[in-house]
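In each ligand, atom 1 is the first atom listed, and ligand 1 is the first ligand listed.
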Amino acid sequence: MTSDAAPARPDPTDEVVDLCRDLLRIDTTNTGDNDTSAGERRAAEYVAERLAEVGVEAELLESAPGRANLVARIPGTDPGRDALLVHGHLDVVPADPDEWSVHPFSGEIRDGYLWGRGAIDMKDFDAMVLAVVRGWQRAGVRPARDIVLAFTADEEAGSDYGAHFLARRHRHLFDGCTEAIGEVGGFSYSVDEQRRLYLIETAEKGIDWLRLHAKGRPGHGSMVHDDNAVTALAEAVARIGRHRFPVVLTDTVRAFLAEVAEVLDIEIDPDDPETAIAKLGPIANIIGATIRNTANPTRLGAGYKDNVIPGRATATIDCRSLPGQSELLERQLRELVGPDIAIEYIQRQPALETTFDGDLVEAMSAALRAEDPGARPVPYMLSGGTDAKAFSQLGIRCFGFAPLRLPADLNFSGLFHGIDERVPLDGLQFGVRVLDRFLRDC
Ligand SMILES: [Zn+2]
């Protein structure tokens with residue numbers, strides 16, 4: 001397409017690099033505390049301006065000062081079709097410049113990568129979506145169905161100021177949306193030179209964060225004392241931390257393992273899937289967490305003086321439940337901690353699981369195969385949680401599909417919230433091409 005003399009339009013696959021770099025340079029650190037978080041306002045305004053430049057009007061919605069979300073709707077050509085929600089969060093987790101090879105908010109390009117906090121989680125996808133939409137608007141392309149874009153705040157601290165706020169207070173903006181795509185899916189895992197699995201998120205574990213409270217008799221540290229809250233709490237925490245919950249393979253994990261067995265030509269023992277999962281290298285720690293409930297102690301609190309036995313002690317446990325297992329996990333935990341320790345839920349969000357079928361899945365798969373003939377799309381379960389939890393409460397069927405083709409030797413899962421987070425430039429551009437195909441006619 002070099003023949004016409006019309007002025008050259010920016011190519012979305014070039015533009016995505018600039019858009020992503022600009023977003024990385026806007027500090028949107030989310031500490032989980034409004035007083036110390038940078039807020040998403042500047043990033044949301046940046047996105048709104050880039051959309052306005054091409055004639056897309058967006059609504060900016062603040063949940064608290066500086067905590068900004070952005071929603072826009074691109075009308076489709078077929079009003080009879082249900083809408084598709086495309087969502088990406090604008091906040092990032094903190095980054096300590098002293099630990100990084102480049103400044104985490106510099107958006108530096110080095111060795112074929114764009115570096116910065118948020119490069120894969122998830123300003124990469126935000127930039128891809130922007131690049132595709134800007135490309136369409138300039139070329140006069142309209143998608144088949146309405147596409148609702150949501151750029152959210154606060155995903156990294158539970159989404160209260162972001163997706164949950166939108167779902168609670170502005171649900172009309174999502175009228176007609178029946179399906180959604182968002183983060184942590186669509187990335188490649190290389191089997192060999194020719195073949196790559198693309199992991200599409202069809203399920204995610206539930207969030208069950210709880211606080212244990214032990215009570216005892218306060219007293220002097222020098223005396224005989226048989227009712228010590230710290231001792232009781234420590235025993236309970238140790239029992240939980242060392243416990244291995246039973247393996248339960250849900251449909252998604254079963255389907256994923258079947259694909260893995262086939263492409264790697266290995267047998268997977270359903271009673272011991274871990275041996276096979278260990279062979280998956282960089283994604284083993286994501287997949288390994290999706291075959292059972294997990295409970296990791298993360299915080300401890302007790303006491304105020306070295307020689308005073310406190311009357312209370314607390315611990316936080318980060319538990320993640322498989323679909324349909326939250327109540328079972330609660331019973332298992334109660335049994336582990338015993339009758340004298342109280343359990344308080346500080347965050348409880350259900351797991352999600354949908355099937356790997358239907359037109360939308362076909363469209364994702366076709367777009368991936370068109371751009372990578374060695375692509376083999378597979379369903380998988382994410383061990384963490386995303387904004388999908390909030391949007392699924394509106395009855396929307398959510399997938400993780402932020403396509404990225406990755407080099408075989410990149411430790412992708414290690415980059416999430418990790419030091420030297422970075423995205424390969426060609427992977428980013430691949431993502432734009434896949435999304436463009438997918439969103440046009442899904
Ligand atoms: Zn994320």
Side-chain angles (χ1 to χ4, degrees), residues 19-20 23-24 26-32 37-40 43-44 47 67-70 85-95 104-105 114-130 149-167 180-187 199-207 209 282-283 285-286 289-290 318 320 347 349 351-352 380-392 398-404 406 410-423 427-428 431 435:
L19 293 167
C20 189
L23 283 169
L24 291 175
I26 303 173
D27 182 353
T28 52
T29 298
N30 184 356
T31 62
S37 291
E40 297 81 1
V47 173
R67 308 306 303 266
N69 299 272
L70 193 91
L85 169 64
V86 177
H87 60 94
H89 63 83
L90 293 169
D91 60 322
V92 296
V93 294
F105 300 107
L114 179 54
W115 300 58
R117 174 57 85 223
I120 53 154
D121 185 12
M122 59 173 305
K123 288 174 172 172
D124 56 336
F125 182 70
D126 297 334
M128 284 181 210
V129 172
L130 267 183
L149 307 177
F151 296 88
T152 61
D154 200 35
E155 193 278 339
E156 297 293 1
S159 310
D160 259 352
Y161 293 100
H164 282 298
F165 159 80
L166 292 176
I181 60 163
E183 68 177 325
V184 214
F187 56 91
L199 280 67
I200 295 174
E201 195 215 286
T202 54
E204 58 184 57
K205 285 178 94 177
I207 297 176
W209 293 350
I283 55 168
N285 52 4
I286 299 185
T290 62
D318 181 346
R320 307 293 175 126
Q347 183 74 251
Q349 296 190 43
L352 309 176
Y380 93 104
M381 183 187 297
L382 177 68
S383 58
T386 71
D387 278 345
K389 290 208 184 327
F391 294 123
S392 69
C398 295
F399 294 88
F401 186 64
L404 264 187
L406 301 167
L410 182 71
N411 180 1
F412 182 61
S413 65
L415 292 178
F416 277 84
H417 302 187
I419 293 163
D420 287 344
E421 184 178 347
R422 59 196 184 280
V423 64
L428 199 58
L435 267 189

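- With no hydrogens or angles considered, a side-chain donor-acceptor pair links Glu156 and His417 at under 3.5 Å.
- Angle subtended at the Zn ion (ligand 1) by His89 NE2 and Glu183 OE1: 100°, rounded to 10 degrees.
- Contact annotation: Glu155 places no N, O or S atom under 2.8 Å from the Zn ion (ligand 1).
- Taking backbone and side chain together, Asp121 holds an N, O or S atom under 2.8 Å from the Zn ion (ligand 1).
- A side-chain donor-acceptor contact under 3.5 Å links Thr31 and Ser37.
- By the 30° and 60° cut-offs, the orientation of the rings of Tyr380 relative to Phe187 is perpendicular.
- Remark: the backbone N or O of Pro94 is paired with a side-chain donor or acceptor of Arg117 at under 3.5 angstrom.
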